[in-house]
> 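I have a structure I would like to understand better, so I am pasting it below and will then ask my questions one at a time.
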Number of protein chains: 2
Amino acid sequence: MAVTDEAIEKIKGMIVSGALRPGDRLPKESELAAELGLSRNSLREAVRALSLIRILDVRQGDGTYVTSLDPQLLLEALSFVVDFHRDDTVLEFLAVRRILEPAATAAAATRISEDQLDALARQLDELGDDPSVEDLVAADLEFHRGIVSGSGNSVLCSLLDGLSGPTTRARIWRGLTQEDAVGRTLREHRAILAALRDRDAEAARSWATVHIASVEQWLRSTL
Amino acid sequence: MAVTDEAIEKIKGMIVSGALRPGDRLPKESELAAELGLSRNSLREAVRALSLIRILDVRQGDGTYVTSLDPQLLLEALSFVVDFHRDDTVLEFLAVRRILEPAATAAAATRISEDQLDALARQLDELGDDPSVEDLVAADLEFHRGIVSGSGNSVLCSLLDGLSGPTTRARIWRGLTQEDAVGRTLREHRAILAALRDRDAEAARSWATVHIASVEQWLRSTL
DNA sequence: CACGGCTCAGACGTCCGATGTATCCCGCCA
DNA sequence: TGGCGGGATACATCGGACGTCTGAGCCGTG
């Protein structure tokens, strides 16, 4: 195994074992390199790789730190990976989302707070009845993010966030300027919100399913 | 933005735009470095980072290639990330698995082939009635992997594979400490298999839920 | 002609040392 | 007391040199 890969494993080991805790500062590059028995250049490759997936946070002029390791942070890397997938696998990603999102919405029905519901309602009102496609897409992302965060599961939240990534969503919506897609989306959002207000998990789940299925159906007919 | 990060973005761009296709070979490091306007050292950091998440495949003495970009391959990086999470988030991962696995099992009920079912049955038979805990856990992973792959969704399959990692340790503890966990697991596996044979999606879904919920319940009472 | 070992050019792996640049922190001065 | 330099520190980047591995073609042998 290459020394760089060894270094990656060793740093990972230090974190997993607890020798390095979230927020901790690593020894400076030259020291750590000596400690792990490799050159600074090779060590930097290891650090750079770990920083791409948000394990480490390097700050020029300051030092290198272990990130918070929050699920949210770490799963951000997922969206980077998702970006590489072409249209032929978008349907599979959407299928996964179709499983997760209704479940998350149902969970939110019993756990989301009134404040969060108010915030969602306010957001929908501010959007108006005839928003631009760009605004709608942004609002759509925000709306679902808000609901899923109400499920209280940060892993689920980050996962869905990654799956619904900007690329996928943008690509889908770009062509979806079709007939009444905007109005339909808005109505479905309001229906989901109403179900959450009623604390009706099954209704919320169903509306979420309908919401995603309509996108899926459209996408399937288009590809 | 640092030159290395620029390089990462540029390489990513070349792949996403289709200028580089899966399996393609990149220009040699010195050439690519010159092309992107940075030093070979810095370029190597970018390449190393992309290779950690399985976007690129570097072969010493040969060259650097774009991987197949299969969802399975790319989501392998997920398990690397998941490894960093401590026990306090295991429950959240398990909750996500509890959503996905029953859905995947239900989907498999209608799509899995007879050959795949035979393979699963054979695997269960080979395990015997009183396996070691390690064997059981390995077989458990394999069993679920086999079923999920029967769902026909490779993204779902890889995702569950990644998520199952952290709960593996939990399963080992359980097997070691809980009375009859081995027998119970075996019985549940056979029940799931029977439901799949019957092409009974709802029964399969329910058994999968029961199967995971029992682990979750035990884990919750222990932590 | 087919096969296998050998040689060699090419490409990645690793290291060194030097210089640039951003941050932090402390002491100086008003 | 508070704002302002100016090191000291640590990461950023570079260029070059040398080691190591791989793939492919050459060449002798059966």
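Treat the numbers as computed from the prediction; the structure is a model and nothing was measured. Numbers restart at 1 for each chain; the letters A, B, ... are given by sequence-line order, proteins then strands.
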> Between B:T4 and D:dT13, is there a side-chain N or O to OP1/OP2 distance below 4.0 Å?
yes
> Between B:D5 (CG) and C:dA22 (C1'), how many Å, whole number?
15 Å
> Between D:dG15 and B:N41, counting only base atoms on the nucleotide and side-chain atoms on the residue, is there a donor-acceptor pair under 3.5 Å?
yes
> Could you work out which one of C:dG13, D:dA10, D:dT22 sits closest to the side chain of B:V58?
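For the B:V58 side chain, the nearest candidate turns out to be C:dG13.
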> Decide if atom CG of A:D130 counts as having more than 12 heavy atoms of other residues, nucleotides or ligands within a radius under 6.0 Å.
no
> Would you mind reading off the distance between A:K28 atom NZ and D:dA8 atom C1', rounded to a whole angstrom?
10 Å
> Please figure out whether B:L43 or A:G63 has its closest DNA chain D nucleotide nearer the 5' end.
A:G63
> Tell me which of A:Q60 and A:V3 sits closer to the 5' end of DNA chain C, going by the nucleotide each one is nearest to.
A:V3
> Just how far, in rounded Å, is P of C:dT21 from CG of A:D62?
19 Å
> Expressed in angstrom and rounded to an integer, what is the separation of B:L50 atom CG from C:dC12 atom C1'?
16 Å
> Does a nitrogen or oxygen in the side chain of B:S42 sit under 4.0 Å from OP1 or OP2 of D:dC14?
yes
> Which class fits the ring pair A:H144 and A:H211: parallel under 30°, tilted 30 to 60°, perpendicular over 60°?
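The rings of A:H144 and A:H211 lie parallel, inter-plane angle below 30°.
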> Between B:R122 and B:E126, is the closest basic N to carboxylate O distance under 4.0 Å?
no
> CD of A:E29 versus P of C:dA18: gap in Å, rounded?
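A:E29 atom CD is separated from C:dA18 atom P by 17 Å.
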> Please tell me if A:R44 has a side-chain N or O lying less than 4.0 Å from either OP1 or OP2 of D:dA12.
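For D:dA12, OP1/OP2 do have a side-chain N/O of A:R44 under 4.0 Å.
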> With the threshold set at 4.0 Å, does a side-chain nitrogen-carboxylate oxygen contact exist between A:E45 and A:R48?
no
> Has the side chain of A:R40 got a donor or acceptor atom sitting under 3.5 Å from an opposite partner on the base of D:dA12?
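By the distance-only test, yes, there is a pair.
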> Could you pull out the closest heavy-atom pair between B:A7 and B:L36, with the gap in Å?
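Shortest heavy-atom separation between B:A7 and B:L36 comes out as CB-CD1, 4.3 Å.
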> Does B:R59 have a side-chain nitrogen or oxygen under 4.0 Å from the phosphate oxygens OP1 or OP2 of D:dT20?
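Answer no for this pair, as no side-chain N or O of B:R59 is under 4.0 Å from OP1 or OP2.
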> How would you label the contact of B:S30 with the nucleic acid (heavy atoms, under 4.0 Å): base, sugar-phosphate, or nothing?
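Touches nothing.
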> Rounded off to whole Å, could you give me the CG-to-C1' distance for the A:L56 and D:dA10 pair?
15 Å
> From CG of B:L38 over to P of C:dG20, roughly how many Å is that when rounded to an integer?
19 Å
> Can you check the A:E6 CD to C:dG13 P distance for me, whole Å?
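The distance from CD of A:E6 to P of C:dG13 comes to 14 Å, rounded to the nearest Å.
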